[in-house]
Amino acid sequence: QLQLVESGGALVQPGGSLRLSCTVSGETLDAYAIGWFRQAPGKEREGVSCISNKGRTTKFDDSVKGRFSISKDNAKNTVYLQMNNLNPEDTAVYSCAAGYSGSAVDRGCPLTYDYDYWGRGTQVTVSS
């Protein structure tokens with residue numbers, strides 16, 4: 001059974017950087033699109049970034065464009081979210097999610113909530 005585990009969340013000062021990891025077990029990563037989502041207190045869950053099964057498609061929410069990047073290492077079954085120039089509005093629980101795409105061709109990725117599997121999340125707090 002596919003499982004997702006996030007790591008890397010921490011308390012960081014404004015302007016700092018953080019790298020989150022999403023490690024997938026039970027399935028090969030090249031068959032799944034991976035999305036990163038976040039939810040802050042009092043706000044709805046929002047899509048942050050995603051990467052397609054073959055890595056040919058990436059998407060970013062406007063609020064993080066130019067500051068965040070996403071990458072994957074199929075050999076390690078891990079997707080990374082590099083977060084730079086963090087501000088207090090980035091404070092949230094960050095979760096990764098997987099949706100089945102198959103391994104034959106790139107199938108893109110959505111920033112909506114229609115993923116099949118979800119991790120438990122990791123807390124990111126940006127504060128001075």
Side-chain angles (χ1 to χ4, degrees):
Q1 191 71 256
L2 185 145
Q3 292 181 328
L4 301 143
V5 179
E6 304 95 337
S7 62
L11 172 65
V12 63
Q13 294 184 349
S17 297
L18 211 55
R19 188 180 74 164
L20 305 183
S21 298
C22 174
T23 299
V24 177
S25 62
E27 300 287 347
T28 55
L29 188 57
D30 72 338
Y32 290 85
I34 303 294
W36 282 100
F37 298 82
R38 67 185 181 186
Q39 187 166 26
K43 294 185 177 181
E44 296 181 352
R45 183 174 59 182
E46 63 180 357
V48 177
S49 182
C50 67
I51 187 167
S52 62
N53 56 318
K54 297 298 184 182
R56 295 182 180 271
T57 300
T58 60
K59 296 179 180 178
F60 298 91
D61 185 78
D62 287 342
S63 65
V64 305
K65 286 181 179 177
R67 299 189 298 122
F68 290 12
S69 62
I70 190 168
S71 61
K72 64 187 299 190
D73 186 337
N74 287 345
K76 297 181 178 179
N77 262 28
T78 300
V79 173
Y80 304 97
L81 183 68
Q82 179 67 47
M83 306 184 295
N84 299 322
N85 195 24
L86 288 162
N87 59 66
E89 295 178 350
D90 296 314
T91 296
V93 174
Y94 285 71
S95 302
C96 63
Y100 181 73
S101 298
S103 300
V105 297
D106 191 276
R107 296 293 188 184
C109 67
L111 280 181
T112 52
Y113 307 146
D114 51 335
Y115 285 82
D116 302 311
Y117 308 94
W118 292 81
R120 294 184 180 273
T122 185
Q123 177 70 49
V124 173
T125 303
V126 185
S127 177
S128 59

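Since we're looking at a predicted model, the values are computed, not measured.
- Gln82 CD to Ile70 CD1: the interatomic distance, rounded to the nearest 0.5 Å, is 11.5 Å.
- Between Leu81 and Ser49 there is a side-chain heavy-atom pair separated by less than 4.5 Å.
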Could you list the donor-acceptor pairs under 3.5 angstrom formed by side chains in residues 29-44, with sequence neighbours left out?
residue: Asp30; atom: OD1; partner: Thr28; partner atom: OG1; Å: 3.2
residue: Asp30; atom: OD1; partner: Ser103; partner atom: OG; Å: 3.3
residue: Asp30; atom: OD2; partner: Lys54; partner atom: NZ; Å: 3.4
residue: Arg38; atom: NE; partner: Glu46; partner atom: OE2; Å: 2.6
residue: Arg38; atom: NH1; partner: Asp90; partner atom: OD1; Å: 3.0
residue: Arg38; atom: NH1; partner: Tyr94; partner atom: OH; Å: 2.9
residue: Arg38; atom: NH2; partner: Glu46; partner atom: OE2; Å: 3.1
residue: Arg38; atom: NH2; partner: Ser63; partner atom: OG; Å: 3.2
residue: Gln39; atom: NE2; partner: Lys43; partner atom: O; Å: 3.4

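- In terms of heavy atoms, Asp106 sits closest to Arg56 at OD2-N, 3.2 Å.
- Residues Tyr115 and Leu20 are members of separate hydrophobic clusters, defined by side-chain heavy-atom contacts under 4.5 angstrom among Ile, Leu, Val, Met, Phe, Trp and Tyr.
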Check step by step if side chain to side chain contact (heavy atoms under 4.5 Å, CB included) holds for Gln123 and Leu11.
CA-CA 8 Å; Gln123 177 70 49; Leu11 172 65; over 6 Å; no
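- Scanning both residues, Pro110 and Cys50, for their nearest heavy atoms gives O-SG, 3.5 Å.
- Contact check for Asn87 versus Pro14: no side-chain heavy atoms found under the 4.5 Å cut-off.
- Between the CD atom of Gln1 and the CD atom of Glu27 there is a distance of 8.0 Å, given to the nearest 0.5 Å.
- Tyr100 and Leu4 fall within a single hydrophobic cluster, where Ile, Leu, Val, Met, Phe, Trp and Tyr side chains are chained together by heavy-atom contacts under 4.5 Å.
- If you take SG on Cys96 and OH on Tyr117, they are separated by 14.0 Å, rounding to the nearest 0.5 Å.
- Side-chain atoms of Asn77 do not come within 3.5 Å of backbone N or O of Ser25 as any donor-acceptor pair.
- Under a 3.5 Å cut-off, the side chain of Glu6 and the backbone N or O of Gly121 do form a donor-acceptor pair.
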Using side chain to side chain contact (heavy atoms under 4.5 Å, CB included), reason through Thr57 and Ile51 one step at a time and then give a plain yes or no.
CA-CA 6 Å; Thr57 300; Ile51 187 167; over 6 Å; no
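- Across Ala98 and Leu2, no two heavy atoms sit closer than the pair CB-CD2, 4.1 Å.
- At least one donor-acceptor pair under 3.5 Å links the side chain of Thr78 to the backbone N or O of Lys76.
- The hydrophobic clustering, which links ILVMFWY residues whose side-chain heavy atoms are closer than 4.5 Å, places Leu111 and Val48 apart.
- Nearest heavy-atom pair, Arg107 versus Asn53, reported as atom, atom and distance to 0.1 Å: N-OD1, 2.9 Å.
- The nearest pair of heavy atoms linking Trp118 to Ser95 is CE3-CB, 4.4 Å.
- Following chains of ILVMFWY side-chain contacts shorter than 4.5 Å, one cannot reach Tyr80 starting from Phe60, and the two form parts of different hydrophobic clusters.
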Step by step, work out the side chain to side chain contact (heavy atoms under 4.5 Å, CB included) result for Asp61 and Phe68.
CA-CA 9 Å; Asp61 185 78; Phe68 290 12; over 6 Å; no
